[in-house]
Amino acid sequence: MTENPYTPAVLAWYERNARDLPWRRPEATPWEILVSEIMLQQTPVTRVLPAWQAWVQRWPTPADLAAEAPGEAVRMWNRLGYPRRALNLHACATAIVERHSGQVPASREELLALPGIGSYTSAAVASFAFGQRHAILDTNVRRVLARAETGVEYPPKAQTKAEVELAEALLPPEPAVAVRWGVAVMELGALVCTARSPKCVDCPIIDQCAWTLAGRPAHDGPPRRGQSYAGTDRQVRGRLLAVLRESPGPVAKPALDRVWDEPVQRERALDALVSDGLVDPLDDGTYALPGATPVAGDPG
DNA sequence: GAACCGTGGTC
DNA sequence: TGACCAAGGTT
């Protein structure tokens, strides 16, 4: 494919239908955009909005966050889910201060080297914060391309090289247009070309959609099974961490034991939290959110 | 490549 | 009501 047949219609649709999200405003800083992208990993926009507002107000720059204990980031994360992301964001802030003079790096390679930033997030920050031309391939874009181009209801479970090549082939040549295109396709997937009950009547490219032209065949293949949650270690970890978040100080072991009856699984989950750096076991046998890392030679 | 990692909303 | 889904990344 040498030309993207969707560009004008999708961009025009975005002009009229884009949500006014604060991290999309022109005055949003690269740090604010980076924070939004980490928060939006597997978490819906509606839940991210208030958390993002509070976060960037408290820590307007990487240096502000780096100056705090990582446990403060975990506490501030509240119930957004996947709390390792809070730790990652704190580690990002520290790395940005130490390696990049406090400025979010602009290159995709440097972004990829930051903790918790992978293929999608590096492309998103380089594109949305720095105006660079990169293929944006998130769950929304993958679904739009699966339908419009491949003619199937859902993309494969794992991202393929073919999807990356398709997304790159569709990228408009001008960087400024490519940036707009990326966010526009994501928005189309989020608002119209949704996973369940897509609003095809509102779709700006319905006339060119391979899936629609094929009669919108149902998903073919094994069921796309979501991960179970009830009874898993993840549920136990969530309960344990909730106790620590809601306590202003260290928590005694019996208070943690109360969240789950089965002792083997409970201990395994707690050990894993400690191993992940989300929980600090203190010398007196109590547990706390992670404190500041002691600096070698620091007399304090 | 598959499993794992939280939480809440939707139909 | 339970299965599915949400701007993924790491191991």
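All figures in this text were calculated on a predicted structure; none of them were measured in a lab.
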For this session: Using the P atoms only, state how far C/dT11 lies from B/dG6, rounded to an integer number of Å.
Result: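 The same atom, P, in both gives a distance of 14 Å.
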Exercise. Which atoms form the tightest heavy-atom contact between A/Glu168 and A/Ala135, and what is the distance?
Worked result: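 Heavy atoms only, the tightest pair is CG-CB, 3.7 Å.
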Exercise. According to a strict under-4.0 Å criterion, is A/Arg84 in side-chain N/O contact with OP1 or OP2 of C/dG8?
Worked result: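 False: A/Arg84 side-chain N/O out of range (4.0 Å or more) of C/dG8 OP1/OP2.
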Exercise. Where each residue is assigned the nucleotide of DNA chain B containing its nearest heavy atom, which of A/Gln159 and A/Leu241 is assigned the position nearer the 5′ end?
Worked result: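 Nearest nucleotide further toward 5': that of A/Gln159.
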Exercise. Given atom CD1 of A/Ile38 and atom C1' of C/dA6, what is their separation to the nearest angstrom?
Worked result: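 Taking atom C1' of C/dA6 as the reference, CD1 of A/Ile38 is at 16 Å.
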Problem set entry | Comparing A/Trp23 and A/Leu114 on DNA chain C - which has the more 5′ nearest nucleotide |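 Its nearest nucleotide being more 5', the pick is A/Trp23.
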For this session: Verify the contact: side-chain N or O of A/Gln41 to OP1 or OP2 of C/dA7, cut-off strictly under 4.0 Å; return yes or no.
Result: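 The answer is no; no side-chain N or O of A/Gln41 sits under 4.0 Å from OP1 or OP2.
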Problem set entry | Interatomic distance, A/Met39 CE vs B/dT7 P [rounded to whole Å] |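 Checked: the CE to P distance equals 15 Å.
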For this session: Select base, sugar-phosphate, or nothing to describe what A/Ala158 touches, counting heavy atoms under 4.0 Å on all strands.
Result: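 Counting heavy atoms under 4.0 Å across all strands, no contact is made by A/Ala158.
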Exercise. A/Ala195 has a side chain; which of B/dG6, C/dA7, C/dC5 sits nearest to it?
Worked result: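 Minimum distance to the A/Ala195 side chain belongs to C/dC5.
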Problem set entry | Neighbour count above 12 (heavy atom, 6.0 Å) for A/Gln208 CD |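 More than 12 heavy atoms, drawn from other residues, nucleotides or ligands, come within 6.0 Å of this atom.
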Problem set entry | d(OH, A/Tyr154; P, C/dC4) in whole Å |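 One finds 10 Å between P of C/dC4 and OH of A/Tyr154, rounded.
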Exercise. What is the nucleic acid contact for A/Thr43, judged by heavy atoms within less than 4.0 Å: base, sugar-phosphate only, or nothing?
Worked result: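 Base contact - A/Thr43 has a heavy atom under 4.0 Å of at least one base atom.
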For this session: For A/Glu37 and C/dG9, give me the distance from atom CD to atom C1', rounded to whole Å.
Result: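 Checked: the CD to C1' distance equals 14 Å.
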For this session: Have a look at A/Leu112 and say if it touches a base, only the backbone sugar-phosphate, or nothing, with a 4.0 Å heavy-atom cut-off.
Result: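 Touches nothing.
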For this session: Using a 4.0 Å heavy-atom cut-off across all strands, classify A/Gly118 as base, sugar-phosphate, or nothing.
Result: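 The residue A/Gly118 makes sugar-phosphate contact but no base contact.
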Exercise. Roughly, in whole Å, what's the span from CZ in A/Arg142 to P in C/dA7?
Worked result: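 Taking CZ of A/Arg142 and P of C/dA7, I get 13 Å after rounding.
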Exercise. How far does the P atom of B/dC5 sit from the matching atom of C/dA7, given to the nearest Å?
Worked result: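 Nearest-Å result for B/dC5 against C/dA7 at atom P: 22 Å.
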Exercise. Is it true that the side chains of A/Arg143 and A/Asn140 contain a donor and an acceptor less than 3.5 Å apart?
Worked result: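 Per modelled atom types, A/Arg143 and A/Asn140 side chains form a pair under 3.5 Å.
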Problem set entry | Selected nucleotide, minimal atom distance to A/Tyr82 side chain, candidates C/dG9, C/dA6, B/dG6 |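 Nearest nucleotide to the side chain: B/dG6.
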For this session: Indicate, with a heavy-atom threshold strictly under 4.0 Å, whether A/Arg79 touches base, sugar-phosphate, or nothing.
Result: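 Here A/Arg79 touches the backbone only, sparing every base.
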Exercise. With sugar-phosphate meaning primed atoms plus P, OP1 and OP2, does A/Thr46 contact a base, only sugar-phosphate, or nothing at under 4.0 Å between heavy atoms?
Worked result: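 No contact at all - A/Thr46 keeps every heavy atom at 4.0 Å or more from the nucleic acid.
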Exercise. Any N or O donor-acceptor pair linking the side chain of A/Arg234 to the base of B/dC4 at under 3.5 Å?
Worked result: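 Such a pair does not exist between side chain and base.
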For this session: In whole angstrom, give me the gap between the C1' atoms of C/dA6 and B/dG1.
Result: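 The same atom, C1', in both gives a distance of 22 Å.
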For this session: Remember a base hit wins even if backbone is also touched, and classify A/Arg24 as base, sugar-phosphate or nothing at under 4.0 Å, heavy atoms.
Result: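 Result for A/Arg24 = base.
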Problem set entry | Contact under 4.0 Å: A/Tyr229 side-chain N or O vs B/dC4 OP1/OP2 |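 No, A/Tyr229 has no side-chain N/O under 4.0 Å of OP1/OP2 on B/dC4.
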Exercise. Touch check for A/Phe128, heavy atoms < 4.0 angstrom, all strands: base, sugar-phosphate only, or nothing?
Worked result: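 The residue A/Phe128 makes no contact with any strand.
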For this session: Check the distance between C/dC5's C1' and A/Lys157's NZ and give it to me in whole angstrom.
Result: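 Taking atom C1' of C/dC5 as the reference, NZ of A/Lys157 is at 12 Å.
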For this session: Using a heavy-atom cut-off of under 4.0 Å over every strand shown, decide if A/Leu80 touches base, sugar-phosphate, or nothing.
Result: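 Touches a base.
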Exercise. What's the CG-P distance between A/Leu87 and B/dC5, to the nearest Å?
Worked result: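 Taking atom P of B/dC5 as the reference, CG of A/Leu87 is at 16 Å.
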Using residues 178-192 of chain A as the side-chain source, report each donor-acceptor pair under 3.5 Å to any protein atom, sequence neighbours left out, with the distance given to one decimal.
| residue | atom | partner | partner atom | Å |
| --- | --- | --- | --- | --- |
| A/Arg180 | NE | A/Glu15 | OE2 | 3.2 |
| A/Arg180 | NH2 | A/Glu15 | OE2 | 2.5 |
| A/Glu187 | OE1 | A/Arg19 | NE | 3.4 |
| A/Glu187 | OE1 | A/Arg19 | NH2 | 2.8 |
| A/Glu187 | OE1 | A/Arg24 | NH2 | 2.6 |
| A/Glu187 | OE2 | A/Arg19 | N | 2.9 |
| A/Glu187 | OE2 | A/Arg19 | NE | 2.9 |
| A/Glu187 | OE2 | A/Arg24 | NH1 | 3.2 |

For this session: For salt bridge (charged side-chain N to carboxylate O under 4.0 Å, His left out), just list the numbers for A/Arg85 and A/Glu37, CA-CA rounded to whole Å, side-chain angles, deciding distance to a tenth of an Å, and then say yes or no.
Result: CA-CA 11 Å; A/Arg85 293 181 293 163; A/Glu37 291 299 340; over 6 Å; no
Exercise. Can we say A/Asp257 and A/Arg266 salt-bridge, meaning some charged N sits less than 4.0 Å from an Asp/Glu carboxylate O?
Worked result: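 Salt bridge flag = yes for A/Arg266 with A/Asp257.
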For this session: Let me know, please, whether A/Ile117 or A/Arg19 comes out on the 5' side of the other along DNA chain C by nearest nucleotide.
Result: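 The answer here is A/Arg19.
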For this session: Give a yes or no on whether A/Leu21 and A/Ile38 share a hydrophobic cluster (residues Ile, Leu, Val, Met, Phe, Trp, Tyr; joining criterion: side-chain heavy atoms under 4.5 Å apart).
Result: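 Yes: a chain of side-chain contacts under 4.5 Å links A/Leu21 to A/Ile38.
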Problem set entry | Interatomic distance, A/Leu49 CG vs B/dG9 C1' [rounded to whole Å] |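 For the pair A/Leu49 CG and B/dG9 C1', the rounded distance is 15 Å.
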For this session: Describe the nucleic acid contact of A/Arg245 in one word from base, sugar-phosphate, nothing, applying a heavy-atom distance below 4.0 Å.
Result: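 A/Arg245: backbone/sugar contact only, no base atoms under 4.0 Å.
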Exercise. From C/dA6, B/dC5, C/dG8, pick the nucleotide closest to the side chain of A/Arg47?
Worked result: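 Nearest to the side-chain atoms of A/Arg47, counting from C-beta on, is C/dA6.
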Exercise. Which is true for A/Arg224 with a 4.0 Å heavy-atom rule: it touches a base, it touches only sugar-phosphate, or it touches nothing?
Worked result: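 If one applies the 4.0 Å heavy-atom cut-off, A/Arg224 turns out to touch the sugar-phosphate alone, with no base involved.
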